[in-house]
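Heavy-atom basis, side chains included; hydrogens, waters and symmetry copies ignored. One-based numbering along the sequence shown. Just so you know, ligand 1 is whichever comes first in the structure, and atom 1 is the first atom listed for that ligand. These numbers were taken from a predicted model, which means no experiment stands behind them.
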Amino acid sequence: MYKKITDFIRTVYNTDDFIPLHKPSFQGNEKKYLLECIDSTYVSSVGRFVDMFEKKVADYTGAKKAVVTVNGTSALHLALILCGVKPDQEVLTQSLTFIATVNAISYTGAVPVFLDVDKETLGMSPDSLKGFLNNYSKMKEDGCYNKLTDRKIAACVPMHTFGHPVKIAEIAQICSKYKIELIEDAAESIGSKYQDKHTGLFGKVGIISFNGNKIITTGGGGMLITNDQELGVKAKHLSTQAKKNHRWEYDHDFTGYNYRMPNINAALGVAQLENLDMFIINKRELANEYSGFFSNLGIGFVLEPVGSYSNYWLNAILLENRQDRDNFLKYTNDNKIMTRPLWKPMHKLRMYENCYAYDLNNTEYIEERLVNIPSSVRI
Ligand SMILES: *Cc1c(COP(=O)(O)O)cnc(C)c1O
């Protein structure tokens, strides 16, 4: 069975060499724009590619405003600050996520609370969110509080795992009912839509990552997207040391951050964005081939959830149990095919093991079985 799978992956990628999980693809204007950027000498924090990249991502996603940052984690940190998250407050999120989500929450001094995911989306379950809030929240004049800890529940951060949208409209409705700010970790889901609306735009603010392993990359980079113009302007300000605009004076009105994306990274981003739709079509074809193959074998393959359009950033299969998963990981990696298990869930990490975790049955089920398989664009 494992041999059948590795043989199939080899035919899909048409190679006997090492097959990575996800490699970047540069076949458009990347070199041209990079050279142009170097020739201009504006390689650092100001330059026309920065403005262009922000404008183009705003247009692409349909956001009113987009603000580039040095990486996705810093974008998330800024998003939380801009939503008013403060030390000793709580932020609801999913345990099944990449560490960056939860680290960004910790940078604000707030405490994460871990909710479960849905099996069909791999992202935050509206039922888990509702269940937790029904059981443990109380409303006060200034918002929602956790009855167990008496801390304010300031924000909720769902994540669109592997590019597959969560049931975000339902989550947005619940957050709005309980007066909790909604921030979407759309790090993995540029190009993915839920009911025809781009992920990241259902709450107050969303973030995207352009790290090297993502569907498009700027080397390292991130972006906030929002329909709140004022929040966007504040994000830009905070990301640039909160420096007031002036031709020569140094004047700052907040403790800001140096979270700006350099122009040279933005140049790469502009070129990558030009190819994003082609990448997504290509990845959806790949997912379709995988899906047919695995369904014939009776192995679970993760499909885009109903009502959504996924960028299929990383493909995933679900094996029988932990033993089967581990055997498969060993076999494929021994045979020069890169596969990876899911991230260790956040509630099992030393730093976060004492945080409140609300009934994580699906998280544990998926952790034991899921394996990511090669997903690079084939062009
Ligand atoms: C990649 C990623 C981020 C941000 O990562 P950076 O490497 O800082 O750009 C955040 N959350 C999730 C879920 C991610 O996959």
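With no hydrogens or angles considered, a side-chain donor-acceptor pair links Asn134 and Tyr178 at under 3.5 Å. Side-chain atoms of Asn321 and Tyr365 include no donor-acceptor pair closer than 3.5 Å. Side chain to side chain, Asn333 and Thr339 meet the donor-acceptor criterion of an N or O pair below 3.5 Å.
Of the N or O atoms in Lys214, one or more lie within a sub-3.5 Å distance of an N or O in ligand 1. An N or O contact shorter than 3.5 Å is missing between Trp343 and ligand 1 by distance. Considering backbone and side-chain N/O of Phe98, none are found under 3.5 Å from N/O of ligand 1.
Both tests pass for Lys197 against the ring of Phe202: distance under 6.0 Å to the centre and angle within 45° of the axis. Annotation: cation-pi geometry not satisfied between Arg350 and Tyr352 (NZ/CZ under 6.0 angstrom from ring centroid, within 45° of ring axis). Geometrically, Arg284 does not engage Phe279 in a cation-pi contact, judged by NZ or CZ lying under 6.0 Å from the ring centre and within 45° of the ring axis.
Close approach of ligand 1 to Met159 (heavy-atom distance below 4.0 Å) involves ligand atoms 13 (C). Proximity to Ala187 (heavy-atom distance under 4.0 Å) selects the following atoms of ligand 1: 2 (C), 3 (C), 10 (C), 11 (N), 12 (C), 14 (C). Atoms of ligand 1 found under 4.0 Å from any heavy atom of Gly221 (numbered from 1 in listed order, with element): 9 (O). Those atoms of ligand 1 that come under 4.0 Å of a heavy atom in Asn211, given as number and element, are 7 (O), 9 (O). If you number the atoms of ligand 1 from 1 as listed, the ones under 4.0 Å from a heavy atom of Thr73 come out as 4 (C), 5 (O), 6 (P), 8 (O).
Closest heavy-atom contact between Ala63 and Thr226: CB-O, 3.7 Å.
For atom 15 (O) of ligand 1, the closest non-hydrogen atom on the protein side is Glu188 OE2, 2.5 Å. Atom 11 (N) of ligand 1 has its closest protein heavy atom at Asp185 OD2, 2.8 Å.
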Practice item. Run the numbers on Tyr259 and Thr240 for side-chain hydrogen bond (donor to acceptor under 3.5 Å, both in side chains), then give the verdict. Key: CA-CA 6 Å; Tyr259 281 174; Thr240 55; over 6 Å; no
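Residue contacts with ligand 1 leave out Ala104, since none of its heavy atoms falls under 4.0 Å from the ligand.
Exactly one of Thr363, Asn361, Asn362 qualifies for a side-chain hydrogen bond (donor to acceptor under 3.5 Å, both in side chains) with Asp359. That residue is Asn361.
Residue contacts with ligand 1, taken as heavy atom pairs separated by less than 4.0 Å, involve Thr97 solely via side-chain atoms from C-beta onward.
The residue from Gly163, Ser209, Gly123 that puts a heavy atom closest to atom 9 (O) of ligand 1 is Ser209.
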